[in-house]
Amino acid sequence: TSTDTSDKRLTLLEKPQEADGIDSVVVVDNVPQVGPERLEKLKNVIHKIFSKFGKITTEFYPEADGMTKGYIFLEYAAPTQALEAVKNADGYKLDKQHTFRVNLFTDFDKYMNISDEWETPEKQPFKDFGNMRHWIEDPDCRDQYSVIYEAGERTAIFSNDAKEPITVEERARWTETYVRWSPKGTYLATFHQRGIALWGGEKFKQIQRFSHQGVSLIDFSPCERYVVTFSPLMDTKEDPQAIIIWDILTGQKKRGFHCESSAHWPIFKWSHDGKFFARMTPDTLSIYETPSMGLLDKKSLKITGIKDFSWSPGDNIIAFWVPEDKDIPARVTLMQMPSRQEIRVRNLFNVVDCKLHWQRNGDYLCVKVDRTPKGTQGVVTNFEIFRMREKQVPVDVVEMKESIIAFAWEPNGSKFAVLHGESPRINASFYHVKNNGKIELIKMFDKQQANSIFWSPQGQFMVLAGLRSMNGALAFVDTSDCTMMNIAEHYMASDVEWDPTGRYVVTSVSWWSHKVDNAYWLWTFQGRLLQKNNKDRFCQLLWRPRPPTLLSADQIKMIKKDLKKYSKIFEQKDRLSQSKASKELVDKRRAMMEEYRRYRETALQIYQEQKSIRLELRGGVDTDELDSNVDDWEEETIEFFINEEIIPLGDL
């Protein structure tokens, strides 16, 4: 009997729960109604579409009068796979007449059992984080930057000032690895073993947390609506969690993705407005849309051999390139989104490699093409310049036979700079893309000690830097007339960072790349050294980005026109701040002046109040003014002898 009891207990333990099994079942509606002769073909098509999301264990096609009923049941090996099928296949267009509607079987029960009585949702308290753009209202227009030092133990936020940095916030162990600013500067992201934290507002309060164990990389959407996190620890076959996309405002997980390698981070590249994001896998370009996070038009683009792609920073246009395949030449394609219309295709021959470089406004695209022309030795580089704003997107070519070290567009303009040659004969060339269809070489500096180009975010000015192995050589260039404003050196410099306004630039030696001389130096855009800030085991400096200006193009024009009027006010402010008197002394003088002004006003008031007494004492004569009572004056002339001198004139 004891055996019977234990058997019963075992049977009860193994008794399936009501939801067991059915939470892996999906119901697909709007399936074509077919007879026996076409059923096999339909099953193959359905299986091909739905097996992408996981292993299908059971398929059931209900029939009536020898025809399928137009809906089917599919059971997956796991509930997560069923969920993936609902997410991705709902709304899938099979043909003109049939668009699938996919639901979880368990949802039918859930929606059938909804109470008829309305329950008012609980009101969620509103969290006020204060003014999230507080730093922009600084009366002296100071920009902020973050600094990590003491080998990552301390993180500080400073306001930049020409004299010395002003501490805004400083915390120990604020992050475990490094920090990142969001694209418009609203949030500061810190990294922790268990996930990401976002900070902001006046006192850098915690705004949001995202739990992602082992997170090592992040990326923001340009609109700051979403954040993408990557962890090498979390992925499982059933539950993709290597990459997670989060909604910043709600903190909700929007979608998870598998990831084989994070070597080319970010895996997902965002369109300029944050409406789309795309990733590349072998022979495939997948474009997803927000806020659904589903595939655009429910299908990926099949592009055999695709090597790289890049969004325009100004429009929803994707550029991608495909290498040569036997007799088919390599090609660069520009595709409009979401229509997928090809707006330009450029065929290229004898291609070794391509790199895509967009100008910051999306006005131009440069495709750097390394070629090995037939019958020649070595590699030739062509810069194929696509003029995006002109009809049919004309292309100009600049050819260079020397090896290319660096290329960079002027952020807001139509110039680009190239470093080319071999050390010690490295040349810096500046080109101008003109409106008449020509590309003009404006200037070439030879024998430069440089391996990197850093344009000011406002254009015109730049720093040519020889980082790390080149000992930190720096050249400050004004490209309007291509003059060297200054040549300097920050020994062993590893990084160069422009502030968002283009007024200041920082060079630094990071402890992450070099263990001694860790410091950051602040320069003006002309190359005048303002500060040397030595920080123990300094690691990283990042300027806080600014959101786009709210001024229209006409308003900016007016400001430029009236610049003299504004510059007088600023010069006065600068003189005040540069005067030798310390801030305390200036404040003390101001306080004394204010005290004197108050005393003088009080004295004048008493003087006025005592006027009647003065008049009484002086018999009604007003003696307050020097020229009062002129009529009562008497004129009297007095003569008095001073001296007498006799001068003899000699004999006349």
Side-chain angles (χ1 to χ4, degrees), residues 130-149 154-171 174-175 178-190 198-204 220 222 224 360 411-412 454-463 465 474 476 490 493 495-508 510 519-533 535 538-551 556 559 563 566-567 569-571 573-574 576-578 583:
N131 183 0
M132 297 294 282
R133 298 224 162 143
H134 164 77
W135 88 99
I136 294 171
E137 294 177 356
D138 180 82
D140 294 310
C141 304
R142 293 185 187 101
D143 278 292
Q144 291 186 354
Y145 55 82
S146 63
V147 171
I148 296 177
Y149 59 103
R154 294 195 78 79
T155 303
I157 313 292
F158 293 105
S159 262
N160 177 42
D161 188 82
K163 281 204 292 203
E164 59 180 359
I166 301 156
T167 307
V168 176
E169 196 70 38
E170 189 172 358
R171 294 178 195 174
W174 198 350
T175 183
Y178 60 103
V179 298
R180 276 281 305 273
W181 291 103
S182 61
K184 295 177 182 178
T186 312
Y187 308 105
L188 177 75
T190 57
L198 297 189
W199 312 78
E202 212 167 317
K203 295 275 179 237
F204 284 94
F220 286 92
E224 292 192 340
R360 194 170 72 184
N412 296 329
F454 297 96
W455 281 96
S456 153
Q458 302 303 324
Q460 184 178 337
F461 304 104
M462 64 145 64
V463 175
L474 304 167
F476 294 82
H490 184 176
D495 301 279
V496 174
E497 295 279 349
W498 280 92
D499 87 316
T501 64
R503 294 175 296 173
Y504 301 100
V505 62
V506 161
T507 58
S508 59
S510 169
Y520 68 91
W521 294 4
L522 181 76
W523 311 74
T524 67
F525 68 95
Q526 293 162 312
R528 185 161 59 85
L529 182 60
L530 297 174
Q531 293 168 22
K532 291 184 178 183
N533 292 296
K535 285 263 179 225
F538 160 85
C539 299
Q540 179 199 41
L541 181 145
L542 289 176
W543 288 96
R544 186 174 195 171
R546 281 177 172 261
T549 177
L550 300 174
L551 299 170
I556 291 169
I559 291 168
L563 208 55
Y566 296 116
S567 62
I569 304 163
F570 293 135
E571 277 165 17
K573 259 190 165 184
D574 287 348
L576 196 68
S577 68
Q578 283 163 7
K583 191 175 182 298

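What you are looking at is a predicted structure, and each value in this text was computed from that prediction instead of being measured.
Aromatic ring pairs are classed by plane angle as parallel below 30°, tilted from 30° to 60° and perpendicular above 60°; the pair F220 and Y187 is parallel. Ring planes of F538 and Y520: tilted class, angle from 30 to 60°.
Taken to the nearest 0.5 Å, the CG atom of D143 stands 5.0 Å off from the OG1 atom of T501. Taken to the nearest 0.5 Å, the CG atom of N533 stands 11.5 Å off from the OH atom of Y149. Note that the CZ atom of R133 and the CZ atom of R546 stand 11.0 Å from one another [nearest 0.5 Å]. Distance CZ/F570 to CG/D140: 9.5 Å, rounded to 0.5 Å. Residue N160 holds its CG atom at 12.0 Å from SG of C141, rounded to the nearest 0.5 Å. With values rounded to the nearest 0.5 angstrom, I166 atom CD1 is found 10.5 Å from F158 atom CZ.
Nearest heavy-atom pair, R360 versus P411, reported as atom, atom and distance to 0.1 Å: CB-O, 3.3 Å. Shown here for E137 and N131, the closest heavy-atom pair between the two residues is OE2-ND2, 3.2 Å. Looking at every heavy atom in both residues, W543 comes nearest to E497 through NE1-O, 3.1 Å. Contact between S159 and Q144 at its shortest, heavy atoms only, is OG-CG, 3.8 Å. For the residue pair Y504 and L530, the shortest heavy atom distance occurs at CE2-CD1, 3.5 Å. Minimum heavy-atom separation, M132 to G201: SD-N, 3.8 Å.
Proximity of L474 to W523: side-chain heavy atoms (C-beta onward) are separated by under 4.5 Å at one or more points. Annotation: side chain of S146 is in contact with side chain of W181 (closest heavy-atom distance under 4.5 Å). Between I148 and V179, the closest side-chain pair of non-hydrogen atoms falls below 4.5 Å. When side chains are defined from C-beta on, V168 counts as touching F204, because their heavy atoms get closer than 4.5 Å. Between W199 and R171, the closest side-chain pair of non-hydrogen atoms falls below 4.5 Å. R544 has its side chain out of reach of I157: every pair of non-hydrogen atoms, C-beta onward, lies at least 4.5 Å apart. Side-chain contact between L188 and W174 is present, with at least one heavy-atom pair separated by less than 4.5 Å. Within the 4.5 Å cutoff, side-chain heavy atoms of P183 are placed close to those of E224.
Under a 3.5 Å cut-off, the side chain of T524 and the backbone N or O of Q526 do form a donor-acceptor pair. Of the possible polar contacts, none joining the N412 side chain to the G459 backbone as a donor-acceptor pair under 3.5 Å is found.
Partner F525 forms a ring-ring contact (aromatic ring centres under 6.0 Å, His included) with one of F476, F454, F461, W455 and no other, that one being F461.
With respect to K163 and D161, no salt bridge is recorded, no charged nitrogen being found less than 4.0 Å from a carboxylate O. Remark: E170 engages R154 in a salt bridge, criterion side-chain N to carboxylate O under 4.0 Å.
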